[in-house]
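To start, the structure under review is shown below, and the notes come after it.
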Amino acid sequence: MEHNTSILGVQVGINSSCAIYYEGNIVFAASEERFTRVKNETLYPHNAIERGIEFCEKNNIPLPKIAVIPTYNMDFEHYLLRREATFSVRDYIEEQYKYWYPKLYEGKRLKYIDVFPEKIHWNSLSKREYIEELYKAPEPKKKWQEIRAKELEKYPFIENIFFINHEYGHAAYGFYASNFRDEDVLVITIDGFGDEANCSVLTYEKGRLRCHKKYNNFNIGRIYRYITLLLGMKPNEHEYKVMGLAPYAYTLTKYVKEVKEIFQNAFDFNLETGEVFSKELPKDLYFLFKNKLEGYRFDVIAAGLQSYTENMIKKLAKYWLNRLNKRKIVLSGGVALNIKANMEVGKLDLVENIFVPASPGDESLSIGAIFAFLDENGYGKEINPIKTMYLGTHYNDEYVRSACEKFVVKEKKFKIIELDRKTMARMLAEGKVLGRFYGRMEFGPRALGNSSILADPRTSDIVRIINKKIKKRDFWMPFTPSIIDFKADDYLVNPKRFEFPFMTIACETNEDAKNIIGALHPADLTARPHVVTKESNKEYWELINEFYKITGVGAVLNTSLNLSGMPICEKPEDALFVLKESEIDGIIFNDRYGVLRKG
């Protein structure tokens, strides 16, 4: 590989995305949902790729000659349905009864087009004949690889295309995104599905990742998905709501234990052998648990599931930490989005340090595929740790200002005011709820200050206010504290000195955290902390510092800048749409001017 070669990573499927690597760093990454404005967009990420090309051209970065695509064994019909982006809860339930039940219990051979003919998106690929080829192909998964590669023919600078194993991509992303570069590291990936496994165990040896074990029956990701559906929420999207619901059943331990045992009977982990075993091997997961859990309360089910999940991951980690004599751990894959389970792994006596990358689910496989390709070909040592997730698009001040001026001409209820960070901090301290649109967009599902809604965290009432004005979130769900670095020890219980840059690990809090009660989980007072340093985001750090000078509180409440059910804002017009369609007090652009309501 030539020294100055850039590489394009293309994730197609659950939250399609692209990433660009150059000279040791990921220089650009964005999800397709930000441009189509459809949450969890699964379409080929052509919009994101075009933006990546623009970024390269503006910054004198050579256009990528190599493209890498994760996942061999992908179901093309999920793509044609845009399943994860467009299915409702009712659609997912219908899928269970009309597709999975006949297949699993009646032995019928079905295709999704037989069950959901009206939901096939015939224009989802650049050529309609590709879809016809897929349905006629004797090996549709191989044909789907071929067509995913063909979609890149519109970019003539790409000379070579490679495919990467799904779970290898998760592992490479987790390890190489971290600061760990020694050999005392255990890497675990856990997913709903993969190419060969839904759980893998790796270490870093002699400059490369080495796989020790693959499990195809470590099914906690799938179980969590189906319980999310049974609780009336969207699988592949609302699992975090189930996790957030779990702590409310703290007085119902007897029933929580019963539910946990139901899950353990299906799949448990043997600490002696390191294998998954079943007391009652289920034929399927949805209908099994639908019958077994009948009569249990919703919060008890959530709590039993969360306790089971934490226990399974802890046993897996404990077994492999002991067997391979490692003391640092990296968790990646979709299940690593479970921040409470990550916290429990970090508490294990065997664990000295833990890292969970930002956006560890499939969205980041555009990055993971690049890292796996480099690792596989002996270039892993050239990869720098990921220090920032501000990897997306950026709009210059002239464009942003023009968008604001056009907005206030059309929408008479709003005005533009000039301000600075001190004024913004004072407005937050006075109880205003403000959006902040600044600099480059974050990659991944977490707003890290540049595309955020901010508020004063000192009272729990702020949660109700934000939900009423803007977010319309479920009543039980918490928000996040963005904590200035020098105050983190005042609020967080962190004896092992873990770092919290990306909101990927929950943390227990101490007595002083009552001053940020509005940004804690209402039931167990844990936090999903985002610790802000000058190095990670100087301007956001300065804003929180101004808030600290006014209030004595070194944190602000942070949640993503979007309306419920929509992706995080990508351009200033998206932020202004949030302002128009909600009761938020204003949006601040570039910490220099804001669009506020009159009066």
Side-chain angles (χ1 to χ4, degrees), residues 28-39 41 45-59 389-421 423-425 427-428 432-445 447-455 466 469-471 537 539-540 542-543 558-599:
F28 180 88
S31 296
E32 187 70 1
E33 67 166 21
R34 303 294 172 87
F35 308 103
T36 65
R37 307 308 299 157
V38 176
K39 194 169 180 64
E41 182 62 88
H46 286 299
N47 290 295
I49 293 170
E50 293 288 352
R51 289 309 192 86
I53 292 168
E54 289 175 15
F55 180 85
C56 289
E57 290 172 341
K58 284 180 183 176
N59 292 278
M389 294 308 290
Y390 307 107
L391 297 168
T393 49
H394 172 260
Y395 290 86
N396 63 44
D397 199 59
E398 182 182 355
Y399 181 95
V400 174
R401 186 85 189 208
S402 174
C404 292
E405 288 171 352
K406 289 175 184 175
F407 178 80
V408 296
V409 168
K410 185 177 179 182
E411 304 293 337
K412 306 299 183 185
K413 296 185 295 183
F414 303 95
K415 62 183 178 180
I416 297 175
I417 67 163
E418 308 297 320
L419 47 66
D420 55 17
R421 292 187 188 109
T423 305
M424 190 176 174
M427 292 168 70
L428 291 172
K432 299 291 188 196
V433 178
L434 301 172
R436 182 175 187 258
F437 188 93
Y438 188 99
R440 291 185 72 181
M441 176 180 67
E442 301 92 332
F443 176 70
L448 300 172
N450 281 10
S451 310
S452 290
I453 293 169
L454 307 177
I466 292 173
K469 286 188 172 189
I470 315 139
K471 297 294 280 191
N537 191 329
E539 295 78 13
Y540 192 35
E542 289 175 355
L543 173 62
N558 174 14
T559 186
S560 55
L561 180 54
N562 64 303
L563 297 173
S564 178
M566 294 190 70
I568 295 174
C569 295
E570 186 270 330
K571 57 182 184 286
E573 290 87 348
D574 298 333
L576 292 166
F577 179 78
V578 171
L579 177 62
K580 179 186 173 186
E581 297 297 320
S582 73
E583 297 174 40
I584 192 171
D585 295 306
I587 308 287
I588 310 302
F589 294 92
N590 298 331
D591 292 355
R592 293 179 49 237
Y593 48 90
V595 180
L596 306 181
R597 298 177 186 280
K598 290 180 180 176

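For this chain, numbers begin at 1 and follow the sequence in order.
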Minimum heavy-atom distance [X]-[Y], with the two atoms named:
X	Y	answer
Ala575	Leu561	CB-CD2, 4.0 Å
Lys412	Val409	NZ-O, 2.7 Å
Ile466	Ala455	CD1-CB, 3.9 Å
Ser451	Cys569	OG-O, 4.1 Å
Tyr540	Leu454	OH-CD2, 3.4 Å
Pro445	Ile568	O-CD1, 3.8 Å

Tell me if a side-chain donor or acceptor on [X] pairs with a main-chain N or O of [Y] at a distance below 3.5 Å.
X	Y	answer
Arg440	Thr393	no
Asn590	Arg592	no
Asp574	Lys571	yes

Separation between [atom1] of [X] and [atom2] of [Y], rounded to the nearest 0.5 Å:
X	Y	atom1	atom2	result
Phe437	Asp591	CZ	CG	12.5 Å
Met441	Leu448	CE	CG	12.0 Å
Met389	Leu391	CE	CG	5.5 Å
Ser402	Phe407	OG	CZ	13.5 Å
Thr559	Ile453	OG1	CD1	6.0 Å
Asn59	Glu54	CG	CD	11.5 Å

Within the 4.5 Å heavy-atom criterion, are [X] and [Y] side-chain neighbours or not?
X	Y	result
Leu576	Glu411	no
Tyr390	Asn537	yes
Arg597	Leu579	yes
Met427	Leu419	yes
Ile470	Val433	yes
Met424	Arg436	yes
His46	Arg51	no
Asn47	Glu32	yes

Which residues satisfy the ring pair (Phe, Tyr, Trp, His ring centres under 6.0 Å) test with [X], sequence neighbours excluded?
X	answer
Phe55	Phe28
Phe577	none
Tyr593	none

Under-4.0 Å salt bridge between [X] and [Y]:
X	Y	value
Arg37	Glu33	no
Glu581	Lys469	no
Glu442	Arg34	no

So Ile584 and Leu434, side-chain contact (heavy atoms from CB on, under 4.5 Å) or not? Walk me through it. CA-CA 6 Å; Ile584 192 171; Leu434 301 172; 5.8 Å; no
Under 6.0 Å between ring centres, would you say that holds for Tyr438 and Phe589?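 Aromatic pair excluded; centres sit 6.0 Å or further apart.
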Within a reach of under 6.0 Å around NZ of Lys598, are more than 12 heavy atoms found that belong to other residues, nucleotides or ligands?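 Yes, because the 6.0 Å sphere around NZ of Lys598 holds more than 12 heavy atoms from other groups.
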Within a radius of less than 6.0 Å around CD of Glu418, do more than 12 heavy atoms belonging to other residues, nucleotides or ligands occur?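 Yes.
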Can you check side-chain hydrogen bond (donor to acceptor under 3.5 Å, both in side chains) on Ser560 and Lys471, steps first, answer last? CA-CA 9 Å; Ser560 55; Lys471 297 294 280 191; 3.1 Å; yes
Candidate pair Glu573 and Tyr395, rule side-chain hydrogen bond (donor to acceptor under 3.5 Å, both in side chains), full reasoning: CA-CA 11 Å; Glu573 290 87 348; Tyr395 290 86; over 6 Å; no
